[in-house]
**Student:** 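Below you'll find the structure I mean.
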There are 2 protein chains.
Amino acid sequence: MVYHMKKVKSALRSHCPVNFGLEAIGDRWALLILRDMVFRGKRSYGEFLKSEEGFATNILASRLEHLIEAGILRREGDGMDGRKAVYSLTEKGLDLIPLLFELVLWSAKHDGKSEAKRIPRLVDLIRKDNRGISREVREKVKRGEGIAPDYLA
Amino acid sequence: MVYHMKKVKSALRSHCPVNFGLEAIGDRWALLILRDMVFRGKRSYGEFLKSEEGFATNILASRLEHLIEAGILRREGDGMDGRKAVYSLTEKGLDLIPLLFELVLWSAKHDGKSEAKRIPRLVDLIRKDNRGISREVREKVKRGEGIAPDYLA
DNA sequence: CCAATTAGCTTGCAAAATGCAAGTGAAAAC
DNA sequence: GTTTTCACTTGCATTTTGCAAGCTAATTGG
């Protein structure tokens, strides 16, 4: 008897920690979703779609699904509006904040035209104490605040 | 007059630091090349090919090219053997070590079967002081040593 | 209460990227 | 001088992407 079962994409190529992390995250688009959530406080499909890099609708849907599958995001319905879906970061997802911050730091150093120049305060805090600032930001993101304006200015 | 110029892939979607970093690195395969260089001390096309995740030959070539283009790697001929090419990390590439380490830390925490369990000492050092250990490893990688056995055991 | 709008997707399809096997060319080994 | 080795390149079937259009259920506006 054949049961209907969801295709599990557990064909992990290796348990090398670098490879595991890369496969869990998925790809570039997935990390941009995380960026939108952490830095811009976005929570919905419609908000992600407006990102400057331009998500294709199907790609956005598939990456959201992947991130949920990977346990990085969770999806809930909006109590007020039955059409809306609210995405949020799990603890596992929140744990990616320090990684995201290291990437910001690298780009701030190596991209002459980096927009990181507009947030020197945050970049400096990351440089001095990534873990510390990550912990603070984590709590804000958890409360749905995104990164507070005082870090960004 | 038309000069012959290499196609510059500067169609950068945005100068958002997260996006810049992602585009500079390229993709999953590119980061695995960096892992092989930092953790396993690999330097040549043939060595990369043997990686457990299984590079396709054309993909490996295109990612090496991309990383050179991005200023993360450099390619030199081997003085002893005219067939061989030696790849090494630029300063810009070495600056990615802390990012790689954060990824290792994340996977060590969230992958039950992580091979990171075989290198508890290094994982612990990263957790306590990513920057510090990155600085040390950087010098070793620069000298072509890869990560020293004492960190790995 | 009914038409129009909105949110979140899905589908179709052309174009691009991937993965595998086989081939190439130059240098080194035997 | 024949065989290997090294670093790729090429061909081609398969998969993934990107874009536009369509779909469905919930909500808003009149």
Side-chain angles (χ1 to χ4, degrees), chain A residues 6-14 19 22-23 25-33 36-37 40-70 73-88, chain B residues 6-14 19 22-23 25-33 36-37 40-70 73-88:
Chain A
K6 189 155 193 179
K7 187 176 64 179
V8 178
K9 191 185 171 185
S10 68
L12 195 57
R13 280 167 202 259
S14 83
N19 185 63
L22 291 172
E23 296 204 27
I25 293 169
D27 74 347
R28 166 183 152 60
W29 293 113
L31 213 69
L32 289 177
I33 291 173
D36 281 350
M37 298 185 79
R40 323 218 197 294
K42 295 185 183 178
R43 307 264 105 117
S44 68
Y45 184 91
E47 287 176 305
F48 297 133
L49 258 195
K50 289 178 203 146
S51 297
E52 55 184 340
E53 289 88 3
F55 283 97
T57 56
N58 53 344
I59 303 296
L60 175 56
S62 86
R63 293 313 180 274
L64 285 169
E65 192 186 343
H66 171 86
L67 287 169
I68 289 166
E69 192 83 16
L73 295 189
R74 108 189 94 231
R75 198 198 116 117
E76 293 161 304
D78 183 317
M80 298 291 97
D81 186 338
R83 295 168 302 176
K84 276 202 162 181
V86 178
Y87 294 91
S88 57
Chain B
K6 185 149 197 185
K7 185 176 65 176
V8 178
K9 190 185 170 186
S10 68
L12 196 58
R13 279 168 203 257
S14 82
N19 185 64
L22 291 172
E23 296 206 24
I25 293 169
D27 73 348
R28 163 183 155 60
W29 294 112
L31 213 69
L32 289 177
I33 291 172
D36 282 349
M37 299 185 79
R40 322 217 196 294
K42 296 186 183 178
R43 306 264 106 115
S44 68
Y45 182 90
E47 288 176 304
F48 297 132
L49 258 195
K50 288 176 205 149
S51 297
E52 55 185 339
E53 289 87 4
F55 283 98
T57 56
N58 53 345
I59 302 295
L60 174 56
S62 87
R63 294 312 180 275
L64 285 168
E65 192 186 344
H66 171 86
L67 287 169
I68 289 166
E69 192 82 16
L73 295 189
R74 111 189 92 230
R75 197 199 116 117
E76 292 161 304
D78 181 318
M80 298 292 97
D81 186 337
R83 295 167 303 177
K84 275 202 162 182
V86 178
Y87 294 91
S88 58

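Just so it is clear: chains get the letters A, B, ... in the order the sequence lines come, proteins before strands, and each one is counted from 1. Because only heavy atoms are used, hydrogens play no part in the values below, and waters and symmetry mates are left out as well, while side chains stay in. Just so it is clear, the structure is predicted and the values come from calculations on it, not from any experiment.
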**Student:** Starting from P on D:dA25, measure out to CE on A:M80 and report it in whole angstrom.
**Tutor:**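 Between P of D:dA25 and CE of A:M80: 22 Å.
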**Student:** Just the rounded figure in Å: distance from P of D:dC8 to NE2 of B:H66.
**Tutor:**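 Checked: the NE2 to P distance equals 17 Å.
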**Student:** Between A:M37 and A:L73, is there a side-chain heavy-atom distance shorter than 4.5 Å?
**Tutor:**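 Yes - at least one pair of side-chain heavy atoms lies under 4.5 Å apart.
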**Student:** Measuring to OP1 and OP2 of D:dC8, would you say a side-chain N or O of B:Y87 lies under 4.0 angstrom away?
**Tutor:**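 It does, given that an N or O in the side chain of B:Y87 lies less than 4.0 Å from OP1 or OP2 of D:dC8.
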**Student:** Could you check whether any side-chain N or O of A:E23 sits under 3.5 Å from a backbone N or O of A:R13, counting only pairs where one atom can act as donor and the other as acceptor?
**Tutor:**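 Checked: pair present.
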**Student:** Using the salt bridge (Lys or Arg N to Asp or Glu O under 4.0 Å) criterion, which residues pair with B:R75? Sequence neighbours excluded.
**Tutor:**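 Scan of B:R75 (salt bridge (Lys or Arg N to Asp or Glu O under 4.0 Å), adjacent residues dropped) gives none.
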**Student:** Say whether, by atom type as modelled, one donor and one acceptor occur between the side chain of A:E47 and the main chain of A:R43 under 3.5 angstrom.
**Tutor:**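 Yes.
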**Student:** Tell me whether the OP1 or OP2 atom of D:dC8 has a side-chain N or O from B:R75 closer than 4.0 Å.
**Tutor:**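 For B:R75, the contact criterion (side-chain N or O under 4.0 Å from OP1 or OP2 of D:dC8) is met.
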**Student:** Before giving the answer on side chain to side chain contact (heavy atoms under 4.5 Å, CB included), spell out for A:N19 and B:R28 the whole-Å C-alpha distance, their side-chain angles and the decisive distance to 0.1 Å.
**Tutor:** CA-CA 8 Å; A:N19 185 63; B:R28 163 183 155 60; 2.7 Å; yes
**Student:** Could you list by number each residue of residues 55-63 of chain B showing a heavy-atom separation from DNA chain C of less than 4.0 Å, or answer none if no residue does?
**Tutor:**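 Output list: B:A56, B:T57, B:N58, B:I59, B:R63.
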**Student:** Between C:dT18, C:dC9, D:dC8, which nucleotide has the shortest distance from any of its atoms to the side chain of A:A85?
**Tutor:**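 Of all the options, the side chain of A:A85 is nearest to C:dC9.
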**Student:** Please state whether the phosphate of C:dG19, meaning OP1 or OP2, lies under 4.0 angstrom from any side-chain nitrogen or oxygen of B:W29.
**Tutor:**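 Yes, such a contact exists.
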**Student:** Check the pair A:Y45, A:T57 against side chain to side chain contact (heavy atoms under 4.5 Å, CB included), reporting the backbone distance first and the verdict last.
**Tutor:** CA-CA 9 Å; A:Y45 184 91; A:T57 56; 3.4 Å; yes
**Student:** What's the CD1-P distance between A:I68 and C:dG8, to the nearest Å?
**Tutor:**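 In whole Å, C:dG8 P lies 12 Å from A:I68 CD1.
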**Student:** Take the protein atom CG of A:L64 and the nucleotide atom C1' of C:dC9, then report the distance between them rounded to whole Å.
**Tutor:**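 Atom CG in A:L64 sits about 10 Å away from atom C1' in C:dC9.
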**Student:** Would you mind reading off the distance between B:K84 atom NZ and D:dC8 atom P, rounded to a whole angstrom?
**Tutor:**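 The distance from NZ of B:K84 to P of D:dC8 comes to 12 Å, rounded to the nearest Å.
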**Student:** Near DNA chain C, counting only heavy atoms under 4.0 Å, which residues of residues 40-52 of chain A show up?
**Tutor:**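 Result for residues 40-52 of chain A: A:S44, A:Y45, A:G46, sorted by number.
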**Student:** Rounded to whole Å, please give me the gap between CG in A:D81 and P in D:dT24.
**Tutor:**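 Going from A:D81 (CG) to D:dT24 (P), I get 20 Å.
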**Student:** Between D:dT5 atom P and B:D78 atom CG, what is the distance in whole Å?
**Tutor:**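 Whole-Å distance recorded here is 17 Å.
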**Student:** Looking at A:R83 and D:dT27, is any side-chain donor or acceptor paired with a base atom of the opposite kind under 3.5 Å?
**Tutor:**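 Such a pair does not exist between side chain and base.
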**Student:** Starting from the C-alpha separation in whole Å, work towards a yes-or-no answer on side chain to side chain contact (heavy atoms under 4.5 Å, CB included) for B:L22 and A:D27.
**Tutor:** CA-CA 9 Å; B:L22 291 172; A:D27 74 347; over 6 Å; no
**Student:** Just by modelled atom types, is the A:K42 backbone N or O under 3.5 Å from a matching donor or acceptor in the A:Y87 side chain?
**Tutor:**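 Judged by distance alone, no pair lies under 3.5 Å.
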**Student:** Any chance you could lay out the side chain to side chain contact (heavy atoms under 4.5 Å, CB included) test for B:D36 and B:F55, step after step, and finish with the verdict?
**Tutor:** CA-CA 12 Å; B:D36 282 349; B:F55 283 98; 4.1 Å; yes
**Student:** For B:R28 and C:dA17, what is the distance between atoms CZ and C1' respectively, to the nearest whole Å?
**Tutor:**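 Taking atom C1' of C:dA17 as the reference, CZ of B:R28 is at 15 Å.
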